[in-house]
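Hydrogens, waters and symmetry mates play no part in the numbers below; they use all other heavy atoms, side chains included. Chain A is the first sequence line, chain B the second, and so forth, proteins listed ahead of strands; every chain is numbered from 1.
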Amino acid sequence: MTVVDEIKSSVVKGVEDLYGIKVDPEKVITSLTRKEFTGDYTVVVFPFSKMAKKKPDEVGVEMGKYLVDNIDQINDSNVIKGFLNLSLSDTYWKNFLFNIANDSKYGKFDKNGKTVLVEFSSPNTNKPLHLGHIRNILLGWSAAKILEAAGYDAKKVQIVNDRGIAICKSMVAWQLFGEGATPASTNTKGDHFIGKYYVQFETAFKEEYKTWQNSADLPALPFEHDPEKMTEDEFWKKHKNWYFNNHSKLGASAKEMLLKWEANDEATRSLWKQMNGWVYEGFDETYEKLGVNFDKLYFESDTYILGKDIIEEGLKKNIFYRKEDSSVWIDLEDAKLDHKLVLRSDGTSVYMTQDIGTANVRHQDYGMDKMVYVVADEQDYHFKVLFEIMKRMGAPYADGLFHLSYGMVDLPTGKMKSREGTVIDADDLVKEVIEEARLKCLELGEVGNLPIDQQQEIFYKVGMSALKYFIVKVNPKKRMVFDPKESVDFQGQTGPYIQYAFVRTNGVGNTAKKDEVNLEDAKAYKGLEPSERELILQLSEYPHLVQLAAKELDPSIIAAYCYNIAKLYSKFWNDCKIFGLDKETVAFRVLLSQQVGTILKSGMELLGIEMPEQM
RNA sequence: GGUCUCAUAGCUCAACCGGAUAGAGCAGCUGCCUUCUAAGCAGCAGGUUCCAGGUUCGAGUCCUGGUGGGAUCACCA
């Protein structure tokens with residue numbers, strides 16, 4: 001039982017003993033005492049003062065006395081404006097530090113026997129990964145790590161969108177313009193190689209469309225052009241899809257390719273396999289750089305036909321209904337979600353059907369209790385509908401479905417748009433950030449004399465932490481702005497700042513080893529400086545925050561926490577000397593540094609960030 | 001137009017689900033390296049939390065109504 005729990009239950013008992021009122025322990029509000037006041041924990045007494053019909057301060061004083069009398073560790077209390085501040089003894093905090101030093105699993109919860117699937121990344125195979133994917137990947141990875149720490153068996157999966165019109169466009173362009181080139185022959189990373197042909201297709205299509213617009217005998221157009229309401233450009237933009245489907249030569253080739261693919265045409269399938277293979281090689285390289293991996297990949301080419309049988313089952317249960325044209329729908333009006341198509345009139349699947357089917361297959365594979373989809377917030381509606389359907393279908397994991405919805409990454413100039421070339425490429429960004437780190441390390445750090453491969457490793461870790469921390473510190477739900485020039489910083493609330501604090505703890509450890517400091521001596525340490533006390537108090541919050549982050553699926557909670565610890569350690573570093581003092585003090589501060597280092601490392605690991613030994 | 005979502009310092013973000021005087025970082029200014037790594041520390045300055053009401057001991061947080069951004073409302077994925 002933690003102190004906080006103990007305080008809460010004592011408050012409950014106290015309220016009952018003193019005033020004869022029963023309260024729910026959940027309703028007891030405690031928090032860390034703010035810096036301006038003396039105390040460690042604060043209890044809000046307003047609710048009890050209302051029930052007891054006494055003045056808040058009066059209740060506070062009575063409760064304070066009760067708690068000091070009944071909980072050994074609490075040795076003082078004060079009341080300010082209805083807030084009861086409780087102080088724990090120095091001995092308590094010192095013992096707390098000794099306890100976690102002996103607990104190798106501090107902050108890691110016992111297995112709860114539940115399995116959770118985390119789906120993330122899920123790229124299309126027609127172009128390379130970009131900054132948006134990076135946010136997705138970091139969130140997914142981190143969510144999985146946090147859930148693991150909270151006791152779940154977390155499986156990392158993705159659905160690879162490897163089929164459809166987009167990849168066919170790349171295939172057509174490669175046939176038309178490729179002249180047999182390969183990633184190897186052009187010395188290009190596979191995903192970039194394919195992306196190049198996708199862009200080439202789009203460019204050629206645009207040209208074709210333009211020529212057609214200016215040609216003499218245009219057919220009747222489906223949309224009217226009202227010059228008052230739209231510009232010429234907007235007018236043609238509106239017709240783009242229609243043109244692609246009905247008049248474009250390139251469009252026809254791509255569509256033909258798709259039909260052949262669906263008909264299992266041998267040549268088409270083998271070209272498709274080859275081109276996707278190139279893309280996967282490229283993706284793997286990027287994933288490795290980002291330090292992530294997956295337990296299982298699901299491919300849309302396998303799953304896109306799934307789900308139909310489930311729809312049939314649902315039809316029997318009257319969850320779905322069939323229209324006259326034999327398309328199948330679900331009525332979700334009572335959930336304020338409208339009617340939604342789940343099967344086309346020709347009997348083929350739609351996106352929703354696939355997702356239903358895929359969820360089912362995953363349940364056969366893993367029997368998961370929970371599933372987290374890391375997908376951008378533009379799909380909020382889709383997942384609301386999907387989850388509602390799964391609930392009505394009675395899926396056993398329906399209550400464990402969670403959409404980790406995150407906001408887009410914007411540039412200072414506005415949205416990233418692949419069509420306008422304003423996309424930040426993942427590989428470029430990684431490379432840039434490592435280069436920045438190299439310059440910074442050589443300027444500020446003490447790495448110049450290390451062997452070159454160790455230097456490289458440090459540059460990599462520092463650069464990646466700057467990038468990752470910047471992204472993961474923001475609450476996932478919020479849109480965020482990424483300024484390529486300024487965003488990836490190395491000072492202040494950043495990854496490298498936290499790494500720097502860690503490197504200091506590491507240095508302390510090395511010196512302690514050299515000086516043969518005996519950590520047992522720490523137990524005889526007599527004092528406790530404010531910055532030491534504050535640090536230990538924060539260390540004690542770690543498990544609680546891991547749980548909170550797991551519950552909210554929010555890595556930014558951990559990111560903020562790590563920063564907090566690093567900051568307090570930096571303060572401690574400045575306030576307190578570590579070596580060259582009596583052996584008890586030295587031992588205690590070495591032990592404290594060691595624990596700070598341990599927590600920083602495991603906290604940052606939850607965010608997918610590695611710590612360098614030195615920098 | 002319906003639905004969802006967001007709005008906090010010049011900029012980028014916090015505020016642990018309603019708690020004390022709204023906090024950090026960056027940018028700006030002032031100090032601190034002969035001593036464990038100054039990627040640091042201490043300090044100054046910066047706010048009508050978009051607006052108007054409401055709920056209550058207490059509202060950035062909840063409710064209503066505005067304003068402004070974004071998303072979504074396909075037999076696309």
Here the distance between atom P of B:A39 and atom CD of A:Q614, to the nearest Å, is 15 Å
Closest of B:U37, B:C41, B:A24 to the A:K35 side chain is B:A24
Heavy-atom nearest nucleotide on RNA chain B taken for A:Q354 and for A:N241; more 5' hit belongs to A:N241
Contact class for A:V44 (heavy atom, under 4.0 Å): base, sugar-phosphate, or nothing?
base
Need one value for A:R34: base, sugar-phosphate or nothing, where a base atom within 4.0 Å counts as base even if backbone is also close, heavy atoms only. base
Side-chain atoms of A:T42 come closest, of B:C26, B:A20, B:C13, to B:A20
- prompt: Checking all strands, does A:K477 fall into the base, sugar-phosphate, or nothing category for heavy-atom contacts under 4.0 angstrom?
  reply: nothing
Relative to its sugar, using the 90° cut-off around 0, the base of B:C17 is syn
> Would A:F83 pass as stacked on B:A20, i.e. its ring centre under 5.5 Å from the base's six-membered ring centre and planes under 30° apart?
Replying inline: yes
inquiry  = OP1 or OP2 of B:G25 versus the side-chain N and O atoms of A:K567: is any pair under 4.0 Å?
reply    = yes
*Please determine if a side-chain N or O atom of A:Y563 lies less than 4.0 Å away from the OP1 or OP2 oxygen of B:A15.*
no
task: Answer yes or no on whether A:K461 is positioned over the face of A:Y469, meaning its NZ or CZ is under 6.0 Å from the six-membered ring centre and within 45° of the axis.
output: no
Answer for the Watson-Crick or wobble partner of B:A52, both distances under 3.5 Å, is B:U64
Q.
Salt bridge or not between A:E262 and A:R163? Use side-chain N to carboxylate O under 4.0 Å.
A. yes
On RNA chain B, more 5' by nearest nucleotide between A:V350 and A:K81 is A:K81
Of the candidates B:C41, B:A38, B:A20, the side chain of A:Y500 sits closest to B:A38
What does A:S345 touch in the nucleic acid at a heavy-atom separation under 4.0 angstrom: a base, only the sugar-phosphate, or nothing? base
Taking B:A77, B:U37, B:U72 as options, the one with an atom nearest any side-chain atom of A:R344 is B:A77
| Less than 5.5 Å between centroids and less than 30° between ring planes, does A:F46 satisfy that with B:C57? | yes
Residues in residues 53-60 of chain A with a heavy atom under 4.0 Å of RNA chain B, by number, are none
Rounding to an integer number of angstrom, what distance separates B:G46 and B:A9 when you compare their C1' atoms? 6 Å
